[in-house]
Amino acid sequence: MMRQSTIAIIGAPMDLGAGRRGVDMGPSAIRVANIHSRIASLGYKVEDLGNVAVEQAENSPSGPKRARYLAQIAETCLRLAEKVQRAAGQGKVPLVLGGDHSIAAGSISGIANHFHRRGEKVGVIWVDAHADMNTPQSSPSGNVHGMPLACLIGRGPKQLTHLFGYAPKVDPRNVALVGIRDVDALEAPHVKKSGVRAFTMRDIDEKGLPRVMAEAIDIASTGTAGIHLSFDMDSVDPDEAPGVGTPVRGGITYREAHLAMELLSDTARLVSLEVVEVNPVLDIANRTADLAVELMMSALGKRIL
Ligand SMILES: [Mn+2]
């Protein structure tokens with residue numbers, strides 16, 4: 001994308017989809033890490049559109065056991081989707097700050113609907129330790145942050161799959177999962193049958209990150225108007241990103257994470273992005289939020305030289 005672009009920051013301070021509390025403070029921690037001025041230093045115009053409203057867990061019935069807080073999550077996702085769509089319609093690049101990963105059902109529905117109305121579609125690169133392709137039936141926890149990718153390809157509760165009245169929002173053939181290493185037993189067959197291309201940590205170990213990213217970029221670009229990046233901080237090794245709700249050892253390294261973002265930036269095909277699952281309660285001196293900002297800068301074109 002061009003440096004003349006306006007980056008529209010949108011906070012989604014939601015933790016209703018997560019098992020552990022605290023990711024609702026993620027947008028604040030990322031702002032405290034100076035995301036606004038650091039992105040502006042790359043030459044972009046930056047606008048902060050504030051946060052979307054989120055129901056407070058304390059005031060809310062937790063709802064269905066197999067998809068806890070589903071109604072409240074769907075409401076927030078719709079608000080977020082509308083905000084993302086509006087920003088994209090004004091020619092801005094939405095940058096969404098999570099929040100638990102269930103917000104991606106909103107952000108991606110928003111960018112997908114923006115292109116859908118012009119007869120175009122969007123590809124997705126989903127960087128994560130998990131596949132996030134559970135359904136209420138397969139989920140061991142009932143936490144909706146394990147379900148958004150399934151919802152976006154049309155599988156899951158209608159409240160999330162059918163935002164704006166149709167599904168799927170993305171064609172699974174244009175979706176690449178990168179970095180997965182922890183998939184639930186009943187979720188694995190969903191991933192295999194989905195049509196989504198899943199690059200596991202083993203793929204990264206064997207092929208190397210540059211080859212994996214080249215394939216992922218190809219998948220998300222072919223026949224699409226552009227790429228949405230959904231970056232879960234738990235994809236990075238917990239040694240570098242300790243402040244996440246569901247850490248899994250054996251993640252991508254600090255440099256691999258940056259390289260993935262740099263390669264994505266080289267394509268100039270990013271149309272929107274988000275970084276999720278920063279949990280300040282579990283973090284060490286805001287290190288994970290700081291890394292989140294660094295990685296977004298690399299995705300937006302920061303170069304070493
Ligand atoms: Mn995730």
Side-chain angles (χ1 to χ4, degrees), residues 17-20 23 64-70 73 98 100-105 108 123-161 167-209 211-213 215-220 228-238 241 244-253 256-257 260 274 276-277:
R20 301 176 79 160
V23 284
K65 232 181 161 163
R66 291 183 164 278
R68 298 183 312 113
Y69 299 108
L70 176 61
I73 290 169
D100 73 68
H101 216 161
S102 66
I103 64 156
I108 297 178
V124 174
I125 295 184
W126 190 287
V127 187
D128 206 310
H130 310 89
D132 293 354
M133 288 183 73
N134 268 302
T135 60
Q137 293 70 39
S138 72
S139 169
S141 67
N143 294 330
V144 175
H145 73 161
M147 307 179 191
L149 186 51
C151 293
L152 288 160
I153 62 164
R155 300 192 53 153
K158 212 170 171 191
Q159 293 98 313
L160 288 175
T161 57
K169 293 301 185 306
V170 288
D171 182 337
R173 289 168 302 180
N174 292 127
V175 180
L177 263 168
V178 176
I180 61 171
R181 54 193 183 277
D182 183 16
V183 182
D184 295 313
L186 299 178
E187 181 187 25
H190 291 174
V191 179
K192 288 185 190 160
K193 284 183 301 190
S194 65
V196 165
R197 182 71 185 279
F199 297 97
T200 66
M201 281 312 299
R202 176 178 174 168
D203 293 314
I204 295 174
D205 293 341
E206 289 185 339
K207 298 183 181 190
L209 185 98
R211 242 187 84 197
V212 165
M213 280 308 291
E215 289 181 41
I217 286 164
D218 191 50
I219 287 161
H228 172 93
L229 167 69
S230 194
F231 195 98
D232 190 322
M233 287 303 293
D234 72 22
S235 61
V236 181
D237 194 90
V244 297
T246 43
V248 188
R249 68 198 300 192
I252 57 175
T253 67
E256 282 172 335
E274 70 203 323
V276 302
E277 299 282 352

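These values consider heavy atoms only, across backbone and side chains, with no hydrogens, waters or symmetry-generated copies. Start at 1 with the first residue, then count along the sequence.
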[atom1]-[atom2] distance between [X] and [Y], expressed to the nearest 0.5 angstrom:
X	Y	atom1	atom2	value
Leu149	Ile108	CG	CD1	7.5 Å
Leu160	Cys151	CG	SG	4.5 Å
Trp126	Leu177	CH2	CG	8.0 Å
His228	Asn174	NE2	CG	14.0 Å
Arg66	Met147	CZ	CE	9.0 Å
Ser235	Met201	OG	CE	9.0 Å

**Study point:** Listed partners of His145 passing ring pair (Phe, Tyr, Trp, His ring centres under 6.0 Å), at least two apart
**Key:**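 Per chain and number, His145 pairs via ring pair (Phe, Tyr, Trp, His ring centres under 6.0 Å) with no residue.
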
Quick check against the 3.5 Å criterion: does [X] have a side-chain atom that pairs as donor or acceptor with the backbone of [Y]?
X	Y	result
Glu277	His101	yes
Asp237	Gly250	yes
Lys169	Thr161	yes
Ser138	Thr135	yes

So [Y] and [X], do their side chains get closer than 4.5 Å, heavy atoms only?
X	Y	value
Val212	Val178	yes
Val191	Val196	no
Val127	Phe199	no
Ile103	Glu274	yes
Asp232	Asp132	yes

Practice item. Report the C-alpha distance between Ile217 and Ile125 in whole Å, list the side-chain angles of each, state the deciding distance to 0.1 Å, and finish with yes or no for side chain to side chain contact (heavy atoms under 4.5 Å, CB included). Key: CA-CA 7 Å; Ile217 286 164; Ile125 295 184; 3.9 Å; yes

**Study point:** Over all atoms of both residues, closest heavy-atom pair of Ser230 and Ala104
**Key:**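 Closest pair (atom of Ser230, atom of Ala104, distance): OG-CB, 4.0 Å.
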
Check your understanding: Can you name the nearest heavy-atom pair linking Val248 to Ala129, along with the distance?
Key -> CG2-CB, 4.1 Å

Check your understanding: When you look at His130 and Asp234, which way does the side-chain hydrogen bond (donor to acceptor under 3.5 Å, both in side chains) test go after all the steps?
Key -> CA-CA 8 Å; His130 310 89; Asp234 72 22; 3.1 Å; yes

Check your understanding: Should we count NZ of Lys207 as having more than 12 external heavy atoms under 6.0 Å?
Key ->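 Atom NZ in Lys207 is packed in, count exceeds 12.
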
Practice item. Kindly state each residue pair satisfying salt bridge (charged side-chain N to carboxylate O under 4.0 Å, His left out) with at least one member in residues 178-191, sequence neighbours excluded. Key: none

